[in-house]
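Residue numbers start at 1 and run along the sequence shown. All figures in this text were calculated on a predicted structure; none of them were measured in a lab.
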Amino acid sequence: MTTGSAPPEPLPEDDGVHVDPSDPTRLLLHGEVDVAVVGAFADTAGLPLGDLGRSLGEGGVTEVDLSAATFIDSSAIALLVAIAPALRPGRLRVRGAQGSPLMAIRATGLDALFDLVPAD
């Protein structure tokens, strides 16, 4: 039986990377972000993995939102590092990092490279 209502918006996959459609300066990471997830995003963008971060930075990404990320591996960290040079003399803003992702950023010393800000 149909109710005549529109179908619900599709939910993002549990693990993923995408540019915020309402704010193209913000990259959203959610769930467990590892090399497979970052690689899938690069494939979707039609870019080699090694060119992804630079392309995002040059394309206007100035903030990465980690508030929904539960894990990031070295490929996600490399993505953040690759975005940062395009923003010089500014710095990449990393929003909402907590738990394991925050520990990874601090353990690598990258908290000195990024502006860490709380979640909205």
Side-chain angles (χ1 to χ4, degrees):
M1 182 157 114
T2 61
T3 61
S5 63
E9 289 286 321
L11 296 173
E13 295 180 26
D14 291 336
D15 304 325
V17 178
H18 66 275
V19 175
D20 186 340
S22 65
D23 181 0
T25 66
R26 183 183 279 193
L27 185 67
L28 306 172
L29 280 67
H30 50 92
E32 294 187 6
V33 182
D34 60 13
V35 67
V37 171
V38 175
F41 179 64
D43 290 346
T44 300
L47 294 167
L49 187 57
D51 294 342
L52 182 61
R54 181 179 45 80
S55 180
L56 289 167
E58 291 172 354
V61 169
T62 59
E63 178 175 297
V64 176
D65 189 331
L66 295 179
S67 58
T70 57
F71 171 82
I72 59 173
D73 76 354
S74 60
S75 63
I77 290 172
L79 178 62
L80 301 181
V81 169
I83 293 170
L87 306 180
R88 288 185 187 136
R91 291 163 46 107
L92 180 65
R93 189 172 39 256
V94 176
R95 182 171 302 280
Q98 58 189 339
S100 177
L102 179 59
M103 288 173 41
I105 290 169
R106 287 186 173 154
T108 57
L110 293 173
D111 51 335
L113 178 66
F114 306 138
D115 288 334
L116 299 178
V117 296
D120 290 331

| query | Of the non-hydrogen atoms in Phe114 and Val81, which two are nearest, and what is the gap between them? | reply | CZ-N, 4.1 Å
| Taking only residues two or more places apart in sequence, or in another chain, which ones meet Arg95 in a salt bridge (Lys or Arg N to Asp or Glu O under 4.0 Å)? | Glu63, Asp120
| Close side-chain approach of Leu80 and Leu113, heavy atoms under 4.5 Å | no
| request: Mind checking the CG-CD spacing from Asp51 to Glu58? Nearest 0.5 Å is all I need. | output: 9.5 Å
| Minimal non-hydrogen separation, Gly57 against Ala86, with atom names | C-CB, 3.5 Å
| said: With heavy-atom distances below 4.5 Å as the criterion, would you say the side chains of Leu27 and Val19 are in contact? | reply: yes
| said: Tell me whether Leu52 shares a hydrophobic cluster with Leu110, the cluster being built from Ile, Leu, Val, Met, Phe, Trp, Tyr side chains joined at under 4.5 Å. | reply: yes
| remark: Heavy-atom closest pair (His18 atom, Phe41 atom, distance to 0.1 Å) is CA-CE1, 3.7 Å
| remark: Residues passing the side chain to side chain contact (heavy atoms under 4.5 Å, CB included) test with Thr44, sequence neighbours excluded, are none
| message | If you compare all heavy atoms of Ala112 against all heavy atoms of Arg91, which two are closest, and at what distance to 0.1 Å? | response | O-NH1, 2.9 Å
| message | Quick check for you: to the nearest 0.5 Å, what is the distance between Leu87 atom CG and Leu92 atom CG? | response | 6.0 Å
| query | Given the rule that I, L, V, M, F, W and Y join up when any side-chain heavy atoms are under 4.5 Å apart, are Leu28 and Ile105 in one cluster? | reply | no
| About how many Å separate CG of Leu79 and CG of Leu49, when rounded to the nearest 0.5 Å? | 8.0 Å
| Any idea which heavy atoms bring Val37 and Gly16 closest together, and the distance? | CG1-CA, 3.6 Å
| said: Please report the interatomic distance CG(Asp20) to OG1(Thr25), rounded to the nearest 0.5 Å. | reply: 8.0 Å
| said: Against Leu29, only a single residue in Val38, Asp15, Val17 fulfils side-chain contact (heavy atoms from CB on, under 4.5 Å); can you say which? | reply: Val17
Show which side-chain atoms of residues 66-78 pair as donor or acceptor with protein atoms under 3.5 Å away, not counting sequence neighbours.
residue : atom : partner : partner atom : Å
Ser67   : OG   : Asp65   : OD1          : 2.5
Thr70   : OG1  : Gly31   : O            : 3.3
Asp73   : OD1  : Ser75   : N            : 2.9
Asp73   : OD1  : Ser75   : OG           : 2.5
Asp73   : OD1  : Ala76   : N            : 3.3
Asp73   : OD2  : Val35   : N            : 3.0
Ser75   : OG   : Val35   : N            : 3.1

